> 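Encoded as structure tokens, here's the structure I'll be asking about.
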Amino acid sequence: MTTKAELKIENSIALLSLLGITTYLVLRYWLDTGHEIYYWSLNSALSTAIETLWQGQGTISLQQVQLPLIAVLVLGGVPLLYQLLVKLIRGDFGADLLAGLSIVTAICLHEYLAGSLVVLMLSGGAALETYAIRKASSVLEALSKRMPSVAHRKEGDKLIDISTDKVNIGDSLLILPHELCPVDGTVLEGSSTMDESYLTGEPYLMSKTSGSTVMSGAVNGDNALTIRADKQAIDSRYAKIMEVMKASEQNRPNLRRLGDQLGAWYTPIAVIIALLAWFISGDVIRFLAVLVIATPCPLLIGIPVTIISSISLAARREIIIKNPAILETIGTCRTAIFDKTGTLTYGRPNLIALIPSTTHNESEVLALIASLERYSKHPLSSAIVKAGEKANLALLPVSHITELSGEGLKGVVADKHIQITSRKFFEANHADNIEQLPETSGGLECVVLVDDSYAATLQFRDEVRTDSSSFINHLQPNHLFDKVMLVSGDRESEVRYLAEKVGIKHVFFSQSPEQKLALVREETKKAKTVFLGDGINDAPALTAATIGIAFGQNSDITGEAADAVIMDSSLLKVDELLHIGERMRKIALQSAIGGMILSVIGMGFAGLGYLSPVAGAIAQELIDVLAVLNALRAAIPPNSLSDF
């Protein structure tokens, strides 16, 4: 893996090369100056036993206009050649090694512009590759920024702000509306809701009242809460996620780039052809000519241009590619792993059933409760109101509204006393009527009372995306995925309900971030994996998968950990990403392999003496143009980027 220092050097060399080449072109072709010639002479009159190796005078001539190119070759080429020499010692025969031989060849031929261009290509390609390596600090920095840093501790009648690392177990802390919970604890006073979805995977806002547990990192609702600290900040839930994140960053899967795979066999072939041409003919010029035409520009330019073109196309489709290497690999992934909340579901409650008693009808009850729920901030109220609007029911006048913790919502609607409460409250206060309740569904439930008599049971589920089933079922036949998994922190009933709805057989529920991370690592050992998630609790798994895709813009942390971000929160966009990656790989292979085949043919002619080094360089440029023109096709959107 390239270090930050190496990345900085490569970026500097790329910038220097671009500046030097631009200066040369301006001086030579625009200003038409700098044609003065400098000469350097070296005289030698050795009188030792090795004087036969060198004796006489060597002269080097150089035009003034070529000085910027010399600077590029000395300041940029020498460091790159050193890095390539280290690779050679390690036995790494990649495509960039052949480029290094081409730099040396160009210098020997006094083709300083060609050598500088190769330096630019080599450093620019390396910079593009290292850009693909995500830095752990970016993800951890995002986590740290979101981590609560201040807690409000109650001391008698005073409220004192302290840093979270000074919170002790047993401290009474005040959490203001819309603040992050600083540590894990238990509610002592107050009633509110908390958004824990990014930590646990639970899709609903969770009601909190006296005795309820709260987790660090959860977002408080509209009311203040007083909690007792049950853990110190370092042991709380959010800190544990950060620890898992650090561990996963240290074990990211490495992707072998497409250019390296092709260069591993292309480089030895080119060197062998060049050596054979020299050995058979005895003419070193043929060796140089073969190396010049063998410069792997279809690999060094064609593939990066294809990647950049595909990134541009993806951006126009509201898909942000953070790690360009995934475009080369996504078509070879064989295991798809999905989080539940916010990916295959909308992450919001949906009223799936209203089961009335024998003395009430569904429309009547829905009209009554929809009218009352308009005035509630309860997490399920919006689902009830939405159901009423969908049924085109007229809303009724409401008065005397109260909402007490544990009792639910009460009010008078059309002169009837309505109460919407929990199953637990009904069973505790109406024990004689328990037999009227239907069997539990596994999801969230509410009970409706009309004039203190049982009227209906409401059943809620996390709303499934309309296209989830068709998307899941097209992955195997159309994208060759062998295994599709559902991994969620949500309850078993919710996860299995979704799995049955969309057709997923491999199901894991109540998974903590640590468990998700371990599972994804294990699956990645067996096959290349794609993981889709949208919560903070998904961040470690996103980094552990071969390819991590963040769904939506709900969390900066998730976006930092992912290789790609789907901005539109649509499964259609995920399918488009799959097609863009597969199409990119196909076009890149066409440019690279097609260019290399033409280069091998050219090497044959150069080895036979039909092409001089200069003619070989021109031929290689023509091959490069063809490879780049084909690569640019990746930016042109096809008629369709989806097939489900």
Side-chain angles (χ1 to χ4, degrees), residues 1-2 4 7 10-11 124-146 198 245-246 248-258 303-333 336-337 339 342-343 520 524 528-536 538-570 573-585 588 634-635 641:
M1 183 178 291
T2 305
K4 290 183 178 180
L7 174 59
E10 288 162 354
N11 288 337
L128 177 63
E129 181 171 4
T130 51
Y131 169 74
I133 301 173
R134 295 138 302 163
K135 297 174 285 296
S137 58
S138 63
V139 184
L140 296 174
E141 183 181 356
L143 278 169
S144 299
K145 284 182 178 178
R146 193 183 185 278
Y198 302 135
M245 189 74 240
K246 290 178 181 178
S248 63
E249 284 285 354
Q250 295 170 1
N251 294 279
R252 286 181 180 271
N254 291 321
L255 300 180
R256 193 177 183 210
R257 303 302 301 276
L258 181 60
I303 293 178
V305 168
T306 311
I307 293 173
I308 292 170
S309 299
S310 297
I311 291 173
S312 173
L313 175 60
R316 295 200 300 271
R317 309 298 296 181
E318 296 184 273
I319 303 168
I320 305 303
I321 306 296
K322 300 188 64 187
N323 180 356
I326 69 165
L327 292 173
E328 305 175 20
T329 310
I330 196 167
T332 63
C333 291
I337 307 173
D339 176 47
T343 52
V520 171
T524 305
K528 293 179 180 178
T529 55
V530 175
F531 183 91
L532 265 78
D534 77 328
I536 293 173
D538 296 323
L542 284 167
T543 63
T546 308
I547 296 174
I549 301 174
F551 210 63
Q553 307 174 60
N554 295 325
S555 168
D556 292 339
I557 297 162
T558 309
E560 288 288 350
D563 299 296
V565 181
I566 307 296
M567 304 295 287
D568 194 28
S569 295
S570 165
K573 298 299 180 182
V574 178
D575 193 48
E576 289 183 356
L577 174 58
L578 293 174
H579 282 276
I580 289 172
E582 292 166 0
R583 182 170 176 263
M584 194 277 328
R585 185 177 179 86
L641 276 173

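When a residue number appears, it is its place in the shown sequence, counting from 1. Note: hydrogens, waters and symmetry copies are ignored here, and every other heavy atom, side chains too, is used. In this text, all values refer to a predicted model and were calculated from it rather than measured experimentally.
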> By side chain to side chain contact (heavy atoms under 4.5 Å, CB included), which residues pair with S312, not counting sequence neighbours?
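Scan of S312 (side chain to side chain contact (heavy atoms under 4.5 Å, CB included), adjacent residues dropped) gives R316.
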> Would you compute the distance between atom CZ of F551 and atom CG of D538 and round it to the nearest 0.5 angstrom?
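Between F551 CZ and D538 CG, I get 12.0 Å after rounding to 0.5 Å.
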> Using a 3.5 Å distance criterion without hydrogens, assess whether the side chain of T329 forms a donor-acceptor pair with backbone atoms of I326.
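Such a contact is absent between T329 side chain and I326 backbone.
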> Who are the salt bridge (Lys or Arg N to Asp or Glu O under 4.0 Å) partners of R583, not counting sequence neighbours?
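R583: no salt bridge (Lys or Arg N to Asp or Glu O under 4.0 Å) contacts found.
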> Are T546 and T524 linked by a side-chain donor-acceptor pair shorter than 3.5 Å?
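No, T524 and T546 have no side-chain donor paired with an acceptor closer than 3.5 Å.
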> Which heavy atom of I549 sits nearest a heavy atom of A562, and at what distance?
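Result for this residue pair: C-CB, 4.2 Å.
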> Can you name the closest pair of heavy atoms from S310 and L327 and give their distance?
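So the two residues come closest at CB-CD1, 3.8 Å.
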> Does V520 reach the side chain of L542, with side-chain heavy atoms less than 4.5 Å apart?
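Counting from C-beta outward, V520 and L542 never come under 4.5 Å.
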> Could you report the tightest heavy-atom contact between A545 and F531, atom names first, then the distance?
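That would be CB-CB, 3.7 Å.
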> For G581 and I330, work out which heavy atoms get closest and say how close.
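Smallest interatomic distance, heavy atoms only, reads CA-CG2, 3.6 Å.
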> Between L577 and I321, does a side-chain contact (heavy atoms from CB on, under 4.5 Å) hold up when you go through it step by step?
CA-CA 9 Å; L577 174 58; I321 306 296; 3.6 Å; yes
> Any side-chain to backbone donor/acceptor pair from D563 onto G548? Under 3.5 Å, distance only.
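Present.
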> For A588 and T306, work out which heavy atoms get closest and say how close.
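That would be N-CG2, 3.8 Å.
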> Provide the closest heavy-atom pair for I547 versus C333 in the form atom of the first, atom of the second, distance.
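Nearest heavy atoms, I547 then C333: CD1-SG, 3.8 Å.
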> Look up atom CD in E582 and atom CG in L578, then write down how far apart they are to the nearest 0.5 Å.
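Result: 6.0 Å between the selected atoms.
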> So, E576 and K573, do they make that salt bridge, N to O below 4.0 Å?
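Between K573 and E576 there is a salt bridge, with a charged N closer than 4.0 Å to a carboxylate O.
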